[in-house]
*Asks:* 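Okay, handing you the structure first.
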Amino acid sequence: MASQKEKEASQDKLERKDKRKRIDESIEHCTHVLSVLLQKPEMWCHPTFRTVRECIQVMKANPQQFPPVIGDNTPDGTAYSDNNAVSRKIPSLTPSYISGIAQYKDVDVALSPILQVVSATMKYESSTEGKKSNSIHFTHLRLCDGSNDVMVGRLSMHISHEGNKLRPGDIIQLDVFTPLRFTPSGENDGDHRLPAVVIHNYSRIGYAAPRNELNNPIHCVNVTDSIPPVVPTPSDGAHLDDGMEPLIEVTCTAGSRYCSLYGVNAVVCICDANPPSKIDLEIVHQFCYFATTDVQNMNNKKKRNMLYWWFMTNHYNICGKGNRKKPPACLLAAIRKAYPEANGRYVPYEAK
Ligand SMILES: [Zn+2]
Ligand SMILES: [Zn+2]
């Protein structure tokens with residue numbers, strides 16, 4: 001007599017066979033529908049075929065993801081060959097980009113690097129302390145470059161939902177972005193920095209099979225000596241008689257990088273990479289929990305406060321703490337210049 005185990009195994013086998021049969025039948029049916037359409041194109045617009053039309057639109061929009069397979073018959077009657085495969089243009093990834101950031105090489109900021117998505121994870125971060133707490137989203141991508149190095153790509157708030165739909169293998173080109181190094185702990189020590197990029201805008205330009213052989217995460221070279229000392233912001237000691245602050249311009253250079261603060265080491269000034277004057281305030285307004293007035297009715301003080309919050313949260317929260325902190329001198333100046341006070345007097349920044 002067959003044991004219980006044997007019975008179960010044969011039951012399993014039957015179920016698998018049944019499933020296989022059902023799949024074969026539906027593929028056969030599907031093939032039939034498509035061949036009818038090919039023979040009678042006048043039926044294409046019929047409501048019955050709506051789902052078919054929609055599927056085909058998605059495939060046409062993503063040809064890299066749905067390429068023909070070698071040996072398939074093509075519309076011109078030839079078989080699809082390897083030559084066609086080579087001519088499909090897969091954008092090539094920028095080499096040595098991530099190691100360049102990690103090794104403190106001169107990163108060409110005019111270059112829009114092409115990188116491939118390894119994974120995307122949406123994170124929730126609390127944007128406020130106290131009563132009006134709400135959560136905001138950040139998507140952190142793992143991105144690889146042409147040298148198989150990997151880094152974090154943190155998407156700015158306004159593109160985090162869209163970016164969370166990116167899939168492993170998607171190839172993106174960065175349009176507006178801030179390369180940096182950061183310590184996950186938020187401490188300002190040079191030993192455990194990782195290369196990263198805050199992305200303000202990108203374009204998805206293609207797809208290729210995800211790479212199998214990625215390098216281990218690279219730590220930045222130990223540069224404790226070449227990290228500029230934390231520069232006291234001019235506003236610390238620059239109060240006017242009545243406690244207000246003037247606009248103090250600073251030159252943020254590699255030697256005195258004012259925006260290298262709170263565990264973030266900026267490769268270029270965060271205000272050069274993403275100028276405050278060019279930020280669309282309507283977008284910031286959608287996310288800013290304390291902005292209650294419409295942008296068109298806002299005074300410059302309110303606009304500045306929104307921008308301080310936007311920059312501090314997008315850039316410095318990458319370390320997991322610290323958007324309650326004072327903006328760096330270069331950012332204070334750039335935002336005050338973009339939205340000035342006629343009398344030149346500014347209320348000292350107070351974290352909300
Ligand atoms: Zn959401
Ligand atoms: Zn700066």
Side-chain angles (χ1 to χ4, degrees), residues 100-113 151-154 156-157 174-183 186-190 193-201 220 223-238 245-279 281 284 303-319 321-340 346 348-351:
I101 296 176
Q103 290 162 14
Y104 288 67
K105 293 203 174 124
D106 276 336
V107 176
D108 182 358
V109 286
L111 178 86
S112 299
M151 70 172 166
V152 167
R154 172 181 173 86
S156 179
M157 264 175 263
L174 308 188
D175 300 324
V176 186
F177 58 99
T178 309
L180 51 84
R181 303 121 192 159
F182 77 107
T183 38
E187 303 304 324
N188 251 332
D189 69 294
R193 292 183 188 286
L194 298 169
V197 63
V198 176
I199 303 169
H200 313 291
N201 253 316
C220 300
V223 284
T224 315
D225 291 335
S226 63
I227 292 174
V230 176
V231 190
T233 59
S235 54
D236 286 338
E245 291 176 354
L247 191 168
I248 297 180
E249 292 205 44
V250 295
T251 315
C252 188
T253 60
S256 56
R257 183 68 73 216
Y258 289 90
C259 44
S260 286
L261 274 180
Y262 312 132
V264 165
N265 179 267
V267 175
V268 292
C269 179
I270 62 170
C271 315
D272 289 341
N274 185 32
S277 58
K278 291 190 184 159
I279 306 265
L281 293 180
V284 178
K303 290 177 180 172
R304 291 196 301 271
N305 276 334
M306 277 206 314
L307 282 172
Y308 294 142
W309 169 81
W310 181 252
F311 270 80
M312 296 308 283
T313 311
N314 277 330
H315 293 86
Y316 296 102
N317 254 23
I318 191 171
C319 303
K321 54 172 168 175
N323 62 332
R324 304 277 67 83
K325 290 172 179 159
K326 191 168 190 170
C330 51
L331 184 63
L332 276 176
I335 291 177
R336 287 174 176 175
K337 257 179 110 169
Y339 297 96
Y346 297 87
Y349 176 78
E350 267 182 64

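First listed ligand is number 1; within each ligand, the first listed atom is number 1. This chain uses plain numbering: 1 for the first residue, then up along the sequence.
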*Asks:* Just verifying a value: how many Å separate C271 SG and I335 CD1, rounded to the nearest 0.5 Å?
*Replies:* 7.0 Å

*Asks:* Walk me through it: do N274 and T178 pass the test side chain to side chain donor-acceptor pair (under 3.5 Å)?
*Replies:* CA-CA 7 Å; N274 185 32; T178 309; 5.4 Å; no

*Asks:* Measure the CG-SG distance between L332 and C259 for me, rounded to the nearest 0.5 Å.
*Replies:*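 Spacing of CG (L332) from SG (C259) equals 11.5 Å.
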
*Asks:* Given R181, which of V264, V267, L194 fulfils the side-chain contact (heavy atoms from CB on, under 4.5 Å) condition?
*Replies:* V267

*Asks:* On a heavy-atom basis, which atom in F182 and which in P195 lie closest, and how many Å separate them?
*Replies:* CE2-O, 4.4 Å

*Asks:* Over 60° means perpendicular and under 30° means parallel, so classify the ring planes of Y262 and Y316, tilted if in between.
*Replies:* perpendicular

*Asks:* Any idea how many protein N, O or S atoms are nearer than 2.8 Å to the Zn ion (ligand 2)?
*Replies:*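 Excluding waters, the total comes to 4.
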
